[in-house]
2 protein chains.
Amino acid sequence: MSHGMAIGKVSEATGVKVPTIRYYEQIGLLPPPPRTEGNRRTYDRKDADRLTFIRHSRELGFEIDQIRTLLSLQDRPGQSCGEADAIAKARLVEVKEKITSLKALEAELERMVEGCSHGRVESCQVIEILADHGKCKHHQHDA
Amino acid sequence: MSHGMAIGKVSEATGVKVPTIRYYEQIGLLPPPPRTEGNRRTYDRKDADRLTFIRHSRELGFEIDQIRTLLSLQDRPGQSCGEADAIAKARLVEVKEKITSLKALEAELERMVEGCSHGRVESCQVIEILADHGKCKHHQHDA
DNA sequence: GCTTGCTCCTATAGCCACTGGAGGATGTAG
DNA sequence: CTACATCCTCCAGTGGCTATAGGAGCAAGC
């Protein structure tokens, strides 16, 4: 028990906000750490690593439940990594789909903005395209 | 009062789900329609148009508050469309940024998945990159 | 007229992943 | 010893819906 960090320190070290760390403990993503006499949480290096893992996973868009799985895989290093691979692949597919749909969105927004003659609302492409879905080329964008 | 539609019909016609229509009424995005003797909502063509406008705006990723503004602009056709233009432009910037960050994410996920030798978790790139943010090239992806 | 089954009504709670605030206890520097 | 920062718990709020419970209305067939 040499290098116990306070929650503020581990927050700073990992980039995960203090209330978020407590939240992760509450939902069982981070094990409850030991406490000091004064009832304060004390974290060690392993906890910090786990939080970094979680943060990075969230940045990549993995859901909490997927992170739960990934963490449990990390805890059992002898196991096949097929499941981790599958989770990452699924996320990759999602990301690719999102990029495609955002590009369609980008195109339509560009059409709207370019078509805007900066006149009256009466003849504004922005409003008009929004009002009439028939004027929209891409009926499949959804995010 | 010839063509009053029930909520189910206007839902079908516009692609907005029934509970969502009631929700929009609750938050003041759609005006409360007249009711029948039996206390049922009756919608007309204008309401359907408004819902289509809202749905399309949501599909393009506009927030409810922005849609509120866009709708109020639509109601005053003589006004300058500068504000609508600004909202659309801001959204376009957001979308472009999101595409950029998703592409960085895509690249990293691809690196993870390709690097996976389908062996043990011990040597799995997926787990390893997640654990060590230093191995990640793109420190700025955030969604 | 009666029953069946669909649509509708309200009110309330839940979803995700946090984020913020109130109100109080503890730790630390000067 | 006094500020002040940090910590604690508990609870409420965010956005944009979605779902459920428990009931009322309505149209069609028998």
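The analysis underlying the following values was restricted to heavy atoms, covering all of them including side chains, and did not include hydrogens, waters or symmetry mates. Order of the sequence lines fixes the chain letters, A, B, ..., with proteins taken first and strands second; residue numbering starts at 1 for each chain.
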For the residue pair R58(A) and I64(A), establish whether any side-chain heavy-atom pair is separated by less than 4.5 Å. yes
Take nucleotides 20-27 of chain D nucleotide by nucleotide from the 5' end and write B, S or -, depending on whether a protein heavy atom sits under 4.0 Å from the base, only from the sugar-phosphate, or from neither. ----BBS-
OP1 or OP2 of dT9(D) under 4.0 Å from side-chain N/O of R35(A): yes
Residue R76(A) excluded, over 12 heavy atoms near CZ under 6.0 Å: yes
Among residues 20-28 of chain A, which contact DNA chain D at a heavy-atom distance under 4.0 Å? R22(A)
Between dC8(C), dG16(D), dC7(D), which one does the side chain of I7(A) approach most closely? dC7(D)
Nearest-Å distance, CZ (R58(A)) to C1' (dT19(C))? 14 Å
Separation of dC18(C) P from I54(A) CD1 (nearest whole Å): 9 Å
Identify which nucleotide among dT18(D), dC7(D), dA17(C) has an atom closest to any side-chain atom of I64(A), counting heavy atoms from C-beta outward. dA17(C)
Heavy atoms, side chains only, cut-off 4.5 Å: are L92(B) and M112(A) in contact? no
Check this for me, if you would: do D47(B) and R50(B) make a salt bridge, where the nitrogen-to-carboxylate-oxygen distance has to be below 4.0 angstrom? no
Rounded distance in Å - CD (E12(B)) to P (dC8(C)): 10 Å
Would you find a donor on one side and an acceptor on the other, under 3.5 Å apart, between the side chain of S11(B) and the backbone of V16(B)? yes
Quick one: are T69(A) and E83(A) in side-chain contact, heavy atoms under 4.5 Å? yes
Rounding to a whole Å, what distance do you find between R41(B):CZ and dT7(C):P? 17 Å
Between P of dT7(C) and OH of Y43(B), the distance in whole Å: 16 Å
Using a strict 4.0 Å threshold on nitrogen-to-oxygen distance, state whether E110(B) and K96(A) make a salt bridge. yes
NZ of K17(A) versus C1' of dT6(D): gap in Å, rounded? 18 Å
Could you tell me whether the side chain of R41(B) reaches within less than 4.5 Å of the side chain of V10(B), counting heavy atoms only? no
Quick test of your reading of the model: are E106(B) and K103(B) salt-bridged, counting only N-O distances below 4.0 Å? no
